[in-house]
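Counting starts at 1 for both ligands and their atoms, in listed order.
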Amino acid sequence: MGERWAGERCAGERLQALIFDVDGTLAETEEAHRAAFNQAFAAFGLPWVWDRALYRVLLRVAGGKERIRAFVGRNDPEWATTENLDTLIGALHRYKTALYTRAVASGTVPYRPGVVTLIEEAHGAGLPMAIATTTSRANVDALLAGAPGALDPGWFAAIKCAEDAPRKKPDPQVYQEALAALDIPADRALAIEDSRNGVMAARACGVPVLVTESVYTAGDGFAEALAVLRDLDGVRLGDLRRWAASS
Ligand code: XBP
Ligand code: MG
């Protein structure tokens, strides 16, 4: 089905595109991110270890490089004041990305329940889809290549990542990029997110949001969302159209 035909068919309908977050939404990736951060710290001889309780707090800062910088600022005054900090963070993050992409590309992180069925249904219905994430493009490519379920990256009209939007969520930049690529008004899209930063980013540019809570965000409170679900298991396109119509 051609993209142009699909867009014309949806004209006039409230729901004209889906925009998916990645980490915590398409897949529970944060434990793989956390393991890669810790392996990178160890490989660089740094005494930093992020346990789950600490990582839950650190996840309030979107973006891996920004997360490391926030951690160092609060926990390691010696490194925080060194002029080599930018170089260290860049090198650590490249190393962490290599570890993470290797793990995820080998299929260790599956899609969350209902994700593949819903995306296949939307694709079959000709509904345009995009990705809006603060993570690096290599991480998205590795997940789409490795996660069992064979989602085709070509099904997404736009994949907008950290490289496209350096101002990370809750800044709306990555959603603005996705909307521009989809060429639809914000209130005709529906975002699917798992975090407060993600919800705030989408709402800041007028995109309605459905939340599927993830292991690190359950119970965070999402007053600005249309609905808050445990996951997408059993959720069909008709449900999304009804939620979008109610926004
Ligand atoms: C969640 C994030 C990401 C990852 C780390 O992204 O904050 O930064 O935790 O990825 P999403 P990088 O918007 O998909 O929920 O190390 O590549 O930044
Ligand atoms: Mg997320």
Which protein non-hydrogen atom lies closest to atom 2 (C) of ligand 1, naming both residue and atom, and how far is it?
-> Thr134 OG1, 3.2 Å
Considering only non-hydrogen protein atoms, determine which one is nearest to atom 18 (O) of ligand 1 and report residue, atom name and distance to 0.1 Å.
-> Gly64 N, 2.6 Å
Taking only heavy atoms of Asp21, which atoms of ligand 1 are found under 4.0 Å from at least one of them?
-> 11 (P), 13 (O), 14 (O), 15 (O)
So between Lys65, His33, Glu30, Glu193, whose heavy atom ends up nearest atom 5 (C) of ligand 1?
-> His33
Just which atoms of ligand 1 are under 4.0 Å from any heavy atom in Lys169?
-> 13 (O)
Report yes or no: does a heavy atom of Gly63 sit under 4.0 Å from some atom of ligand 1?
-> yes
Are Val209 and Val22 linked, directly or through other ILVMFWY residues, by side chains that come within less than 4.5 angstrom of each other?
-> no
Cluster link Val199 to Phe20, ILVMFWY, side chain under 4.5 Å = no
Would you mind telling me if ligand 1 is within reach of the side chain of Thr97, the backbone, both or neither, using heavy atoms under 4.0 Å?
-> neither
May I ask you to check whether Arg67 and Tyr55 show a side-chain donor-acceptor distance below 3.5 Å?
-> yes
Which ligand 1 atoms, with their elements, are less than 4.0 angstrom from a heavy-atom of Thr133?
-> 6 (O), 11 (P), 13 (O), 14 (O)
Decide whether the shortest distance between a heavy atom of Arg67 and an atom of ligand 1 is less than 4.0 Å.
-> yes
Between Ser214 and Arg112, do the side chains contain an N or O donor and an N or O acceptor separated by less than 3.5 Å?
-> no
Does any N/O atom on Lys168 come nearer than 3.5 Å to any N/O atom on ligand 1?
-> no
Report, in ascending order of atom number, the atoms of ligand 1 lying under 4.0 Å from any heavy atom of Val22.
-> 14 (O)
side-chain contact (heavy atoms from CB on, under 4.5 Å), paired with Leu210, selected from Leu229, Val228, Leu18, Thr25 | Leu229
Going hydrophobic residue to hydrophobic residue with side-chain gaps under 4.5 angstrom, can you get from Leu182 over to Val174?
-> yes
Does some side-chain heavy atom of Val215 sit less than 4.5 Å from a side-chain heavy atom of Arg52?
-> no
Would you please say whether a donor-acceptor pair under 3.5 Å links the side chains of Tyr95 and Gln39?
-> no
Answer yes or no: are there more than 12 heavy-atom neighbours, outside Glu78 itself, under 6.0 Å from its atom CD?
-> no
Of all the N, O or S atoms in Asp194, the one nearest to the Mg ion (ligand 2) is OD1
With ring centroids as reference points, do Phe37 and Trp48 lie under 6.0 angstrom apart?
-> no
Ala62 near ligand 1 by a heavy-atom separation under 4.0 Å | yes
Heteroatom of Asp23 nearest to the Mg ion (ligand 2) (N, O or S, atom name) = O
Quick one: look at His93 and ligand 1, take heavy-atom pairs under 4.0 Å, and tell me if it's side chain, backbone, both or neither.
-> side chain
Considering only protein heavy atoms, which is closest to atom 10 (O) of ligand 1, and at what distance to one decimal place?
-> Thr135 OG1, 2.7 Å
For atom 17 (O) of ligand 1, which protein heavy atom lies nearest, and how many Å away is it?
-> Ser136 OG, 2.7 Å
Using the rule that two of Ile, Leu, Val, Met, Phe, Trp, Tyr join whenever any of their side-chain heavy atoms come within less than 4.5 Å, decide whether Leu88 and Leu99 are in one cluster.
-> yes
Which of the N/O/S atoms in Asp21 sits closest to the Mg ion (ligand 2)?
-> OD2
